[in-house]
There are 2 protein chains.
Amino acid sequence: MSSVEGAVSAVPAPTRRAVRRSRDDVVRVAGRLFAERGFHGTSMRDLGDELGLLGSSLYAHIGSKNELLVEIIEEGAGLFQSLADQVAASGTAPREQLRRLVVGHVAIVTDNLDRAATLLNEGRHLPEGDRGRIVAMRDRYQDAYRTVLAGGIAAGDFRAGLDVHVAATFVLSLLNALDRWYDPAGARQPEAIAELLFDFVVRGLEP
Amino acid sequence: MSSVEGAVSAVPAPTRRAVRRSRDDVVRVAGRLFAERGFHGTSMRDLGDELGLLGSSLYAHIGSKNELLVEIIEEGAGLFQSLADQVAASGTAPREQLRRLVVGHVAIVTDNLDRAATLLNEGRHLPEGDRGRIVAMRDRYQDAYRTVLAGGIAAGDFRAGLDVHVAATFVLSLLNALDRWYDPAGARQPEAIAELLFDFVVRGLEP
DNA sequence: CCTACCGATCGGTAGG
DNA sequence: CCTACCGATCGGTAGG
């Protein structure tokens, strides 16, 4: 019943058929490759291979390779921005705001490892015209930490002598290293990691 | 007295003469460009431009672009290795050993910003055959921190409940972020930065 | 999404 | 260290 189609044909079946991918597929896989191999270490043909189509076919979905980088990074930066806005609007005490920042940051990184890694490591390859906008988002995010730390000092939760610039740099150093060692297959859950980080950070900040 | 040479000549002086550079010049400038633009974002012609010669002329000094990357990273890793060995051989108390690791690490990074940045960010682009060797050096360096932390717990200087793997990761997260924010033109000296870091870290570790 | 390209640039070599 | 190249690969386009 099933022998006619292929058995007599001398023409071998194509090893791969044309596939249909969405724009989101392209952006998502690009994020993974940029994170793994770097922006300049990833060719459009590499990206096509990973999606099962030709490099040139990608241009049915996107305008340019740079566009992919900008979109991935801007989306990532937007996630952190939203977190900071939400925490600031919560009206909770500074120490609790810092806890929410840490927990939220860890959640964003662990849920978006590729995007976070691309944001942190490939930002320098952004086109001139887009870089300023994204640097401004990063600066605003750092400012959120400084504000919370300053509030905590005023409330007496954190040391009076603390330099908020330095302290914010230290806290973000810890948070921004997460993408380098977090293992999704590891035993420790994101919430547990966030707790360890918050505990370590608060000890460093307390009077 | 000085008008004869150039005034009558119809042949314009060459805008740039051939220059003589040492192999060390090539390696040093490559380190800077790899740090600034990434390994794949730097072409041999870029590197030649920066040195005042052609990209193809670089091959009088080196065998390949990969060789440059391996050399820069391996030298950098060697500096951290030496620090760890020296501290381990000092025979001082664990807490003091940690202090020396922090101070030494900061000194290496601030004295070798380009090499440190290349080591941290471009290591994934190492050729297969060299990667294992350098990953092993990094692992040994992390082990030095774990050993010191375990010693500090045994001595009662650090919290008994501390997970030395996690704690070492946190300490190295702080140290390895330094190349991203240290400003050689800034007011804070490396020694002052090391002190702030050590203070923050010890607070996070103490009982 | 593929076929069939394009000019530009890549790392690298031979010979001086 | 330069001249004069090389084959391979790059991002991207026209037309279907």
Side-chain angles (χ1 to χ4, degrees), chain A residues 11-31 33-34 36-73 118 122 124-130, chain B residues 11-31 33-34 36-73 118 122 124-130:
Chain A
V11 184
T15 52
R16 201 174 65 195
R17 299 193 153 278
V19 284
R20 282 281 153 187
R21 315 244 77 139
S22 70
R23 189 170 193 288
D24 273 2
D25 290 332
V26 176
V27 176
R28 184 173 36 76
V29 174
L33 293 191
F34 292 170
E36 284 172 5
R37 312 176 188 179
F39 179 66
H40 287 306
T42 304
S43 76
M44 295 305 277
R45 286 160 179 86
D46 290 341
L47 179 51
D49 283 349
E50 210 75 13
L51 286 157
L53 42 83
L54 296 178
S56 58
S57 300
L58 295 166
Y59 292 88
H61 297 290
I62 55 144
S64 72
K65 191 187 180 189
N66 275 338
E67 179 187 312
L68 279 173
L69 183 67
V70 172
E71 187 161 327
I72 292 160
I73 290 186
T118 300
E122 307 302 317
R124 62 181 161 184
H125 298 121
L126 285 166
E128 275 300 341
D130 300 277
Chain B
V11 184
T15 52
R16 200 175 65 195
R17 300 195 151 275
V19 285
R20 282 280 154 186
R21 316 245 75 139
S22 70
R23 189 169 193 287
D24 273 2
D25 290 333
V26 175
V27 177
R28 185 174 34 77
V29 173
L33 293 191
F34 292 170
E36 284 172 5
R37 313 176 188 178
F39 179 67
H40 287 306
T42 304
S43 76
M44 295 305 277
R45 285 160 179 84
D46 289 343
L47 180 51
D49 283 347
E50 209 76 13
L51 286 156
L53 42 83
L54 295 179
S56 57
S57 302
L58 294 167
Y59 292 88
H61 297 289
I62 55 144
S64 71
K65 190 187 180 189
N66 276 337
E67 179 187 313
L68 279 173
L69 182 66
V70 171
E71 187 161 327
I72 292 160
I73 290 186
T118 301
E122 306 303 316
R124 62 180 161 184
H125 298 122
L126 285 166
E128 275 299 343
D130 301 277

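Quick note on labels: first sequence line is chain A, next is B, and so on, each numbered from 1.
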Taking all atoms of both residues into account, what is the closest heavy-atom pair of [X] and [Y], and its distance?
{"X": "B:L53", "Y": "B:L58", "result": "CD1-CD2, 3.6 Å"}
{"X": "B:V70", "Y": "B:P127", "result": "CG2-CD, 3.7 Å"}
{"X": "B:L33", "Y": "B:T42", "result": "O-OG1, 3.3 Å"}
{"X": "A:N66", "Y": "A:F39", "result": "OD1-CZ, 3.4 Å"}

inquiry  = Closest approach to the side chain of B:S56, judged atom by atom: which nucleotide of D:dC1, C:dC1, D:dA4 is it?
reply    =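 Among D:dC1, C:dC1, D:dA4, the one nearest the side chain of B:S56 is D:dA4.
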
ask   = Considering only D:dC1, C:dC1, D:dG12, which nucleotide approaches the side chain of A:R20 most closely?
value =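 The nucleotide sitting nearest to the side chain is C:dC1.
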
key: Partner set under side-chain hydrogen bond (donor to acceptor under 3.5 Å, both in side chains) for A:H125, not counting sequence neighbours   =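 Expected list: A:E122.
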
ask   = Looking at residues at least two apart in the chain, or sitting in another chain, which of them share a side-chain hydrogen bond (donor to acceptor under 3.5 Å, both in side chains) with B:S64?
value =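 side-chain hydrogen bond (donor to acceptor under 3.5 Å, both in side chains) list for B:S64, sorted by chain: empty.
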
Please tabulate the protein-to-nucleotide N/O contacts below 3.5 Å involving nucleotides 6-9 of chain D, giving atom names and distances.
none

query = Heavy-atom contacts under 4.0 Å between residues 59-72 of chain B and DNA chain D, which residues?
reply =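 Residues of residues 59-72 of chain B that come under 4.0 Å of DNA chain D are, in numerical order, B:A60, B:H61.
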
inquiry  = Is the shortest side-chain heavy-atom distance between A:D130 and A:I73 below 4.5 Å?
reply    = no

request  = Without swapping roles, check the side chain of B:K65 against the backbone of B:S43 for a donor-acceptor pair under 3.5 Å.
outcome  =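 Checked: no pair found.
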
request  = For residues 52-61 of chain A, pull every pair meeting side chain to side chain donor-acceptor pair (under 3.5 Å), keeping only residues two or more places apart or in separate chains.
outcome  =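 Listed by first then second residue: nothing to list.
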
query = In Å, rounded to the nearest 0.5 Å, how long is the span from CD1 of B:I72 to CD of B:E67?
reply = 10.5 Å

Using atom [atom1] of [X] as one end and atom [atom2] of [N] as the other, report the distance to the nearest whole Å.
{"X": "B:D49", "N": "C:dG11", "atom1": "CG", "atom2": "C1'", "result": "15 Å"}
{"X": "A:L33", "N": "D:dG11", "atom1": "CG", "atom2": "P", "result": "12 Å"}
{"X": "A:M44", "N": "D:dG11", "atom1": "CE", "atom2": "C1'", "result": "7 Å"}
{"X": "A:L54", "N": "D:dG12", "atom1": "CG", "atom2": "C1'", "result": "13 Å"}
{"X": "B:L58", "N": "D:dC1", "atom1": "CG", "atom2": "C1'", "result": "10 Å"}
{"X": "A:D46", "N": "D:dC10", "atom1": "CG", "atom2": "P", "result": "6 Å"}
{"X": "A:R21", "N": "C:dC2", "atom1": "CZ", "atom2": "C1'", "result": "16 Å"}
{"X": "B:R23", "N": "D:dC1", "atom1": "CZ", "atom2": "P", "result": "13 Å"}

ask   = Between A:S57 and B:H40, which has a closest nucleotide on DNA chain C that is more 5'?
value = A:S57

ask   = What stems, by residue range, does DNA chain C take part in, given at least 3 consecutive Watson-Crick or G-U pairs under 3.5 Å?
value = C:1-16 with D:1-16

request  = Assess whether side-chain contact (heavy atoms from CB on, under 4.5 Å) is satisfied between A:L68 and A:L47, documenting all intermediate values.
outcome  = CA-CA 11 Å; A:L68 279 173; A:L47 179 51; 3.6 Å; yes

